[in-house]
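A note on names: the letters A, B, ... follow the listed sequences, proteins ahead of strands, and every chain is numbered from 1.
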There are 2 protein chains.
Amino acid sequence: MKILIIEDESGIANFLKQGLEEESYEVQLSEDGAQGLEIAIENHFDLILLDWMLPRLSGLDVCIEFRKQNKQTPIIFITAKDTVSDTISGLKSGANDYIKKPFNFEELLERIRVQLRPLSGEHDVFTLRDISLNVSTHQVFRGNQEIQLTQKEFALLEYLLRHKGEVCRRSRIIESVWEIHFEYSTSVIDVFMNSLRKKLNLSKSEDYIQTIRGIGYIAKEP
Amino acid sequence: MKILIIEDESGIANFLKQGLEEESYEVQLSEDGAQGLEIAIENHFDLILLDWMLPRLSGLDVCIEFRKQNKQTPIIFITAKDTVSDTISGLKSGANDYIKKPFNFEELLERIRVQLRPLSGEHDVFTLRDISLNVSTHQVFRGNQEIQLTQKEFALLEYLLRHKGEVCRRSRIIESVWEIHFEYSTSVIDVFMNSLRKKLNLSKSEDYIQTIRGIGYIAKEP
DNA sequence: TCATAGTTTCAAAATCCTTTTAGCTTGCAG
DNA sequence: CTGCAAGCTAAAAGGATTTTGAAACTATGA
């Protein structure tokens with residue numbers, strides 16, 4: 001696994017390099033924002049550790065520019081205590097996590113592992129207003145209330161959220177969720193739609209999931 | 001919390017002592033390496049602040065000798081700017097962190113807190129309501145009742161508590177606890193879950209550990 | 001070597017998820 | 001407005017997974 005560290009304080013940079021190399025990561029260093037961005041774009045890394053305060057180009061700008069290139073590499077910000085609140089808003093600019101100085105090395109390792117994990121499995125979260133569905137942990141929340149769903153309920157909701165805003169035909173749902181690939185008449189969908197709406201507490205007036213008579217269903221933002 | 005400061009410049013030493021005492025740490029001073037080492041070995045401290053340049057025995061040697069005694073107390077080096085790179089290699093000799101002179105007192109406090117955090121039970125002890133599991137002593141308690149667990153039972157509970165609040169898939173549990181890294185069909189997990197629940201006396205209504213049908217298990221706070 | 005504790009397999013029983021069934025409600029066309 | 005088809009809902013039937021106890025197997029130390 002290759003990690004790029006963009007950090008101007010050589011003390012911290014070398015400490016990180018050494019520590020990460022001991023964990024058998026391949027590490028490359030860069031000391032300023034502009035150069036770091038260039039290296040990041042022209043090479044492949046599995047993860048980038050990015051200091052917030054950098055000469056020539058700030059960490060935030062590096063992150064924004066990098067994402068503009070449509071690069072998905074996870075980015076973890078390294079930030080001083082007093083700029084934490086800025087950083088949190090910075091997460092919206094496309095970073096994946098942040099850690100504040102001074103940090104515990106074990107904690108950093110843990111965060112790196114968390115970011116690299118998705119490479120070996122998917123880590124997808126789908127949302128619909130206040131409903132969120134996490135494929136990898138198999139959890140569903142409405143607000144901060146966790147909702148217990150069974151497998152089929154979960155699969156059905158996942159299908160609808162993956163196609164949020166699109167009309168989902170019954171035939172397609174049956175194919176994807178139930179893996180029935182031939183003409184077949186059943187009302188399982190209705191039954192599971194019903195229990196989904198019950199568990200998620202969706203009244204018909206709030207049309208999170210609308211019925212389209214004769215066709216199927218659609219999950220919709222307002 | 002008791003802190004030992006080994007520092008020969010009395011100006012800095014007293015400044016630190018005063019500042020830390022205001023933060024309600026108990027502080028003891030020592031002015032040279034050899035004496036400091038002796039004090040450190042013969043008494044219990046929660047943390048040691050160690051100057052790099054010391055008369056009679058250098059900070060590095062103090063650190064090495066101290067660790068030879070098999071002591072785990074966290075050590076933070078205080079180092080002059082131009083010896084930082086030496087210090088980093090010093091971290092390998094068993095120190096936990098370093099801070100360079102001149103330093104910001106707030107930052108030092110933060111680093112001390114980072115080092116002391118593990119002592120307050122986050123590192124080795126995992127809990128779930130009234131259940132606690134201590135990795136280093138290999139003990140498990142429910143309330144103040146100690147529960148005797150076998151290796152596999154312990155490993156399974158440890159895995160669940162380390163991932164408290166997350167859904168733990170059977171496949172992941174098998175990987176981590178049984179180290180089986182390929183597709184494998186067995187019901188060992190179920191059997192051990194069963195004996196765990198029995199030994200810990202977990203009735204099904206109190207859902208400390210919930211079953212997630214078709215997926216795995218989850219350990220949950222209320 | 002045997003005895004013991006720990007681990008794993010197996011299969012019956014219990015649980016609860018899925019599907020079918022059937023009566024009821026709703027929306028739409030005539 | 002009426003009737004029918006589509007969708008909703010509750011409950012029973014059917015099916016799959018998990019729980020559980022017991023037996024078989026394995027490792028360890030006396």
Please check the phosphate of dC16(C) (OP1 and OP2 only) for any side-chain N or O of T150(A) closer than 4.0 Å.
no
Quick check against the 3.5 Å criterion: does N43(B) have a side-chain atom that pairs as donor or acceptor with the backbone of I39(B)?
yes
Contact class for E153(B) (heavy atom, under 4.0 Å): base, sugar-phosphate, or nothing?
nothing
Please determine, for the side chain of R213(B), which listed nucleotide (dT15(C), dC8(D), dT26(C)) has the closest atom?
dT15(C)
Within the pair R170(B) and dT17(D), is there a side-chain N or O less than 4.0 Å away from OP1 or OP2?
no
Using only modelled atom types and a 3.5 angstrom limit, is any donor from either the side chain of R197(B) or the base of dT19(D) paired with an acceptor on the other?
no
What pairs of nitrogen or oxygen atoms, one from the protein and one from nucleotides 21-29 of chain D, lie under 3.5 Å apart?
{"residue": "dG21(D)", "atom": "OP2", "partner": "K198(B)", "partner atom": "NZ", "Å": "2.8"}

Candidate list K199(A), Q139(A), E153(A), test side-chain contact (heavy atoms from CB on, under 4.5 Å), partner I147(A), passing option:
K199(A)
Of all the nucleotides listed (dC10(C), dA16(D), dG7(D)), which has the minimum atom distance to the side chain of S187(B)?
dC10(C)
Ring-plane angle category for W178(B) and F192(B), please: parallel below 30°, perpendicular beyond 60°, tilted otherwise.
perpendicular
D190(B) CG - dT15(C) C1' separation (whole Å):
13 Å
What side-chain donor-acceptor pairs closer than 3.5 Å can you find for residues 212-222 of chain B, not counting sequence neighbours?
{"residue": "K220(B)", "atom": "NZ", "partner": "E146(A)", "partner atom": "OE1", "Å": "3.2"}
{"residue": "E221(B)", "atom": "OE1", "partner": "R129(B)", "partner atom": "N", "Å": "3.4"}
{"residue": "E221(B)", "atom": "OE2", "partner": "R129(B)", "partner atom": "N", "Å": "3.3"}
{"residue": "E221(B)", "atom": "OE2", "partner": "K164(B)", "partner atom": "NZ", "Å": "2.9"}

Mind checking F154(B) for me? I need base, sugar-phosphate or nothing, with any heavy atom below 4.0 Å counting as a touch.
nothing
Contact under 4.0 Å: Y217(A) side-chain N or O vs dC8(D) OP1/OP2:
yes
Strictly below 4.0 Å: does W178(B) bring a side-chain N or O up to OP1 or OP2 of dT7(C)?
no
Per Q151(B) side chain, nearest of listed nucleotides dT7(C), dT20(D), dT8(C)
dT7(C)
Base, sugar-phosphate or nothing for T186(A)? Non-hydrogen atoms, less than 4.0 Å.
sugar-phosphate
In chain order, what residues pass the salt bridge (charged side-chain N to carboxylate O under 4.0 Å, His left out) check against E9(A), with sequence neighbours excluded?
K101(A)
Please determine whether a side-chain nitrogen of the Lys or Arg among D32(B) and R56(B) lies less than 4.0 Å from a carboxylate oxygen of the Asp or Glu.
yes
Is it the case that atom CG in N144(B) sees more than 12 heavy atoms from other parts of the structure closer than 6.0 Å?
no
